[in-house]
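Working notes for the structure below.
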Amino acid sequence: MKITDARVVVSSPGRNYVTLVVETESGVVGVGDATLNGRELAVASYLRDHLVPLLIGRDASRIEDTWQYFYKGAYWRRGPVTMTAIAAIDTALWDIKGKAAGLPLYQLLGGASRDGVLVYGHANGGTLEELTADLQRYVDRGYKAVRIQAAVPGLAKTYGIAGNGVTTYEPANGAMPQEDTWETTAYLDFAPTMFAAAREAVGYGVHLLHDAHHRLTPIEAGRLGKALEPYRPFWLEDPTPAEEQSAFRLIRQHTTTPIAVGEVFNSIWDCNTLISERLIDYIRATVVHAGGISHLRKIFSLAELYGVRSGSHGAGDLSPIAHAAALHLDLTIPNFGIQEYMGHRDPAGEVFGTQYTFSDGYMHPGDAPGLGVEFDEEAAARFPYDPKYLPVNRRLDGTVHDW
Ligand code: KDG
Ligand code: MG
């Protein structure tokens with residue numbers, strides 16, 4: 001089944017998404033997500049200028065061979081731009097294989113290992129009252145797991161928190177990066193009180209998660225993990241910058257709070273040590289940024305050997321195509337942990353028609369052949385690219401800080 005055409009569509013239905021469409025001679029069309037938040041056009045160019053010309057004429061059924069051809073053939077390996085571009089091709093080819101076989105992707109990946117995929121939603125608040133009200137809304141909608149984030153008192157702005165009663169999470173909101181301030185002491189004092197308020201509001205029957213967004217030093221992370229232990233967090237995410245991995249040895253010496261990391265990882269080489277030394281409990285790499293379904297499956301298989309579970313990134317800046325792909329893989333692997341589900345803002349639904357469903361805290365990818373996502377290119381053309389950047393964080397003295 002020869003690939004006859006491939007094109008990249010950059011659109012902004014609610015936020016920016018990069019979509020790869022791959023056509024075959026048999027008429028089967030596959031789609032892949034190539035969105036890299038704030039660096040969208042770099043991946044679009046990598047695909048358009050370097051990979052698509054080499055893709056035309058290849059056999060769409062040779063997924064692993066195509067992956068190896070682009071990964072090894074480039075000479076330059078890894079990195080978010082390269083791996084997101086390869087991921088989009090890989091995902092589109094799996095979509096084609098599923099459609100050609102008339103089977104939902106999860107059947108090609110070994111079939112379901114569970115009935116549904118446990119997902120966590122995002123509760124936010126400018127105040128603890130706003131946060132607990134938002135958390136209660138998630139619980140009322142059936143969520144079994146919720147991430148909790150709130151504005152840190154004393155800081156002018158906290159990453160991802162809109163405040164003023166707005167609880168949706170959208171940190172990429174400036175045509176230029178907005179500059180926020182950060183002060184760790186205030187955060188470390190505040191975070192346990194946030195957990196205490198959340199437990200007081202909803203009890204211990206729901207899993208609570210928290211994201212530290214890479215902002216702590218190793219010993220600060222150890223202290224926070226220890227302080228949160230009485231509130232039984234499901235995980236503490238990204239406690240320290242993910243690239244400095246010896247930090248996780250130190251965190252482990254100080255706390256039994258489960259640790260999750262990996263949303264910025266793009267290959268198995270980024271998490272090999274963390275997994276094989278059991279320095280983390282959940283690996284958060286995604287289909288879209290970690291080389292596609294083929295490569296992420298290898299990461300999860302490695303994790304399975306060491307008792308590390310999956311917990312894939314699923315922010316709104318990954319398109320519904322990536323979310324569908326994640327659900328298919330999540331449904332099959334033995335060491336699934338949890339899947340992030342932030343959802344997508346209108347008018348994303350006009351562009352991406354999805355089959356996946358949510359019921360009582362669990363999602364299912366649906367039984368349509370392939371990924372189960374219909375991408376409407378005409379609708380996408382109505383929402384042109386709209387450059388947006390994540391904020392930059394500075395300490396009180398002006399030094400640039402991690403998020
Ligand atoms: O592009 C950055 C977002 O995806 C990130 O802020 C989301 O940390 C995030 C999360 O855990 O979803
Ligand atoms: Mg995160």
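Atoms within a ligand are numbered from 1 in the order they appear, just like the ligands themselves. Because only heavy atoms are used, hydrogens play no part in the values below, and waters and symmetry mates are left out as well, while side chains stay in.
Of all atoms in ligand 1, numbered sequentially from 1 with element shown, those under 4.0 Å from a heavy atom of A315 are 4 (O), 7 (C), 12 (O). Close approach of ligand 1 to N37 is summarised as follows: ligand atoms under 4.0 Å from at least one heavy atom of the residue are 1 (O), 2 (C). Atom numbering of ligand 1 starts at 1 in the shown order; those under 4.0 Å from a heavy atom of H313 are 4 (O), 7 (C), 9 (C), 10 (C), 12 (O). Within ligand 1, counting atoms from 1 as listed, the ones closer than 4.0 Å to a heavy atom of H213 are 8 (O), 9 (C). Residue-ligand proximity, D211 to ligand 1, at heavy-atom distances under 4.0 Å covers atoms 8 (O), 9 (C), 10 (C), 11 (O).
Checked against a 6.0 Å centroid threshold, the rings of F352 and F375 count as neighbours. Between F234 and Y282, the distance from one ring center to the other falls under 6.0 angstrom.
A salt bridge is absent between E277 and R252: the closest approach of a Lys/Arg side-chain nitrogen to an acidic carboxylate oxygen does not fall below 4.0 angstrom.
The aromatic rings of Y71 and H295 sit parallel to each other, their planes meeting at less than 30°, with 60° as the upper class boundary.
Of the candidates V264, D317, L209, the one placing a heavy atom closest to atom 3 (C) of ligand 1 is D317.
Within the coordination shell of the Mg ion (ligand 2), defined by N, O or S atoms under 2.8 Å, E340 is absent. Distance check for E263 against the Mg ion (ligand 2): an N/O/S atom falls below 2.8 Å.
For atom 8 (O) of ligand 1, the closest non-hydrogen atom of the protein is E263 OE2, 2.8 Å. Atom 12 (O) of ligand 1 has E340 OE2, 2.4 Å as its closest protein atom, hydrogens excluded (heavy atom only).
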Would D281 and W235 count as a side-chain contact (heavy atoms from CB on, under 4.5 Å) here? Give the steps.
CA-CA 8 Å; D281 302 281; W235 76 32; over 6 Å; no
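A side-chain donor from one of E340 and H122 sits under 3.5 Å from a side-chain acceptor of the other. A donor-acceptor contact closer than 3.5 angstrom links the side chains of H210 and Q149.
Computed with the Mg ion (ligand 2) at the centre, the D211 OD2 to E237 OE2 angle is 90°, stated to 10 degrees.
The 12-atom threshold is exceeded at CZ of R114, counting heavy atoms of other residues, nucleotides or ligands nearer than 6.0 Å.
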